[in-house]
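Below is one structure; the comments refer to it alone.
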Amino acid sequence: MFIQFLKENRYVAILLTVLRLYLGWQWLNAGWGKISSGQFDASGFINGAIKNMSGEHPAVQAWWGKFLQEVALPYVDFFNVIVPWGEFLVGIGLILGIFTSFSILMGLTMNFAYMLSGTTSTNPQMVLLGMFILVAGLNAGKIGLDRWFIPLFGKLIYKKAGREQYSQSA
């Protein structure tokens with residue numbers, strides 16, 4: 001019942017827009033700060049997380065530490081590009097309300113990656129707020145570009161699939 005309320009209530013769409021704008025600004029600001037400084041380097045963060053996978057009560061689980069050690073660290077130059085640009089683009093998507101569900105899913109993925117690496121900061125708060133946006137689906141982007149783009153995108157997909165008529169319920 002609550003999920004249906006989040007997905008369909010027009011007044012909730014206003015609240016979701018406020019949450020979306022807040023989270024979008026957080027992501028945009030974080031990404032732009034890294035991009036504009038031109039000095040972002042994830043290797044220190046990754047090395048710190050790897051160090052935190054040892055001890056009696058490790059802050060970083062071994063499986064995640066192994067991923068950081070064997071994938072992220074050797075390809076840190078790639079991560080130095082996708083992290084700031086990912087944050088920035090998630091922010092743009094949320095602020096404009098375009099591809100809202102995908103944008104928040106990518107934001108949540110980054111939040112969880114940071115938390116799995118042993119940091120908290122604002123990540124738990126952002127995850128909690130982001131979950132409401134994700135669960136609300138299209139209602140979260142109703143006051144945004146998704147209002148026009150998603151139906152148009154749906155029509156294009158149905159047309160490509162060879163279907164004669166577009167169904168609004170799809």
Side-chain angles (χ1 to χ4, degrees), residues 1-42 45 64 67 72 75 77-117 119-170:
M1 183 161 185
F2 182 68
I3 292 174
Q4 183 178 1
F5 179 70
L6 282 176
K7 287 179 176 259
E8 296 175 2
N9 188 286
R10 66 181 178 185
Y11 298 109
V12 170
I14 296 168
L15 177 62
L16 291 167
T17 300
V18 171
L19 291 177
R20 201 185 75 222
L21 291 171
Y22 168 74
L23 290 175
W25 177 252
Q26 297 299 312
W27 283 115
L28 181 85
N29 198 30
W32 184 247
K34 291 174 181 79
I35 293 166
S36 64
S37 75
Q39 298 177 352
F40 176 70
D41 184 8
F45 178 81
W64 183 254
F67 165 78
Y75 297 100
D77 290 337
F78 176 68
F79 283 89
N80 288 340
V81 173
I82 66 167
V83 168
W85 281 101
E87 290 177 349
F88 183 75
L89 292 172
V90 164
I92 292 286
L94 291 174
I95 289 170
L96 296 178
I98 188 159
F99 300 121
T100 304
S101 293
F102 181 72
S103 294
I104 197 63
L105 180 62
M106 293 302 101
L108 289 170
T109 301
M110 287 188 285
N111 284 132
F112 279 111
Y114 301 146
M115 289 191 299
L116 287 168
S117 298
T119 63
T120 52
S121 184
T122 60
N123 290 303
Q125 163 194 316
M126 292 176 77
V127 166
L128 181 61
L129 296 176
M131 288 298 204
F132 285 108
I133 293 171
L134 185 63
V135 169
L138 290 176
N139 203 26
K142 196 171 275 183
I143 303 173
L145 294 178
D146 278 347
R147 177 184 190 106
W148 296 282
F149 190 76
I150 295 298
L152 177 65
F153 191 63
K155 286 180 186 177
L156 291 173
I157 289 177
Y158 275 94
K159 193 180 232 183
K160 254 193 168 169
R163 298 197 173 108
E164 298 279 329
Q165 200 172 31
Y166 173 70
S167 169
Q168 286 289 350
S169 62

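Below, each value reflects all heavy atoms present in this structure, side chains not excepted, and no hydrogens, waters or symmetry copies.
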N/O donor to acceptor pairs below 3.5 angstrom from side-chain atoms of residues 89-105, sequence neighbours left out:
residue : atom : partner : partner atom : Å
Thr100  : OG1  : Gly97   : O            : 3.4
Thr100  : OG1  : Asp146  : OD2          : 2.7
Ser103  : OG   : Phe99   : O            : 2.9

Side-chain heavy atoms of Phe78 within contact of Ile82, under 4.5 Å: yes
Stepwise side-chain contact (heavy atoms from CB on, under 4.5 Å) test for Leu152 and Trp148: CA-CA 6 Å; Leu152 177 65; Trp148 296 282; over 6 Å; no
Without placing hydrogens or testing angles, list every side-chain donor-acceptor pair under 3.5 Å for residues 121-134, not counting sequence neighbours.
residue : atom : partner : partner atom : Å
Asn123  : OD1  : Asn111  : ND2          : 2.7
Asn123  : ND2  : Thr120  : O            : 3.0
Gln125  : NE2  : Tyr22   : OH           : 2.6

Atom of Lys142, atom of Arg147 and distance for their closest heavy-atom approach: O-CB, 3.2 Å
Which atom pairs, one a donor and one an acceptor, fall under 3.5 Å between side chains of residues 8-18 and the rest of the protein, sequence neighbours left out?
residue : atom : partner : partner atom : Å
Glu8    : OE1  : Gln4    : NE2          : 3.2
Asn9    : OD1  : Tyr11   : N            : 2.7
Asn9    : OD1  : Val12   : N            : 3.0
Thr17   : OG1  : Ala13   : O            : 2.7

Aromatic plane relationship, Tyr114 with Trp27 - under 30° parallel, 30 to 60° tilted, over 60° perpendicular: tilted
OG1-CZ distance between Thr119 and Phe45, expressed to the nearest 0.5 angstrom: 4.0 Å
Minimal non-hydrogen separation, Trp64 against Ser117, with atom names: NE1-OG, 2.9 Å
Which atom of Phe40 lies closest to which atom of Ser37, heavy atoms considered: N-OG, 4.1 Å
Ring geometry between Trp32 and Phe88 (parallel below 30°, tilted from 30 to 60°, perpendicular above 60°): tilted
Nearest heavy-atom neighbours spanning Lys34 and Pro84: CB-CB, 3.6 Å
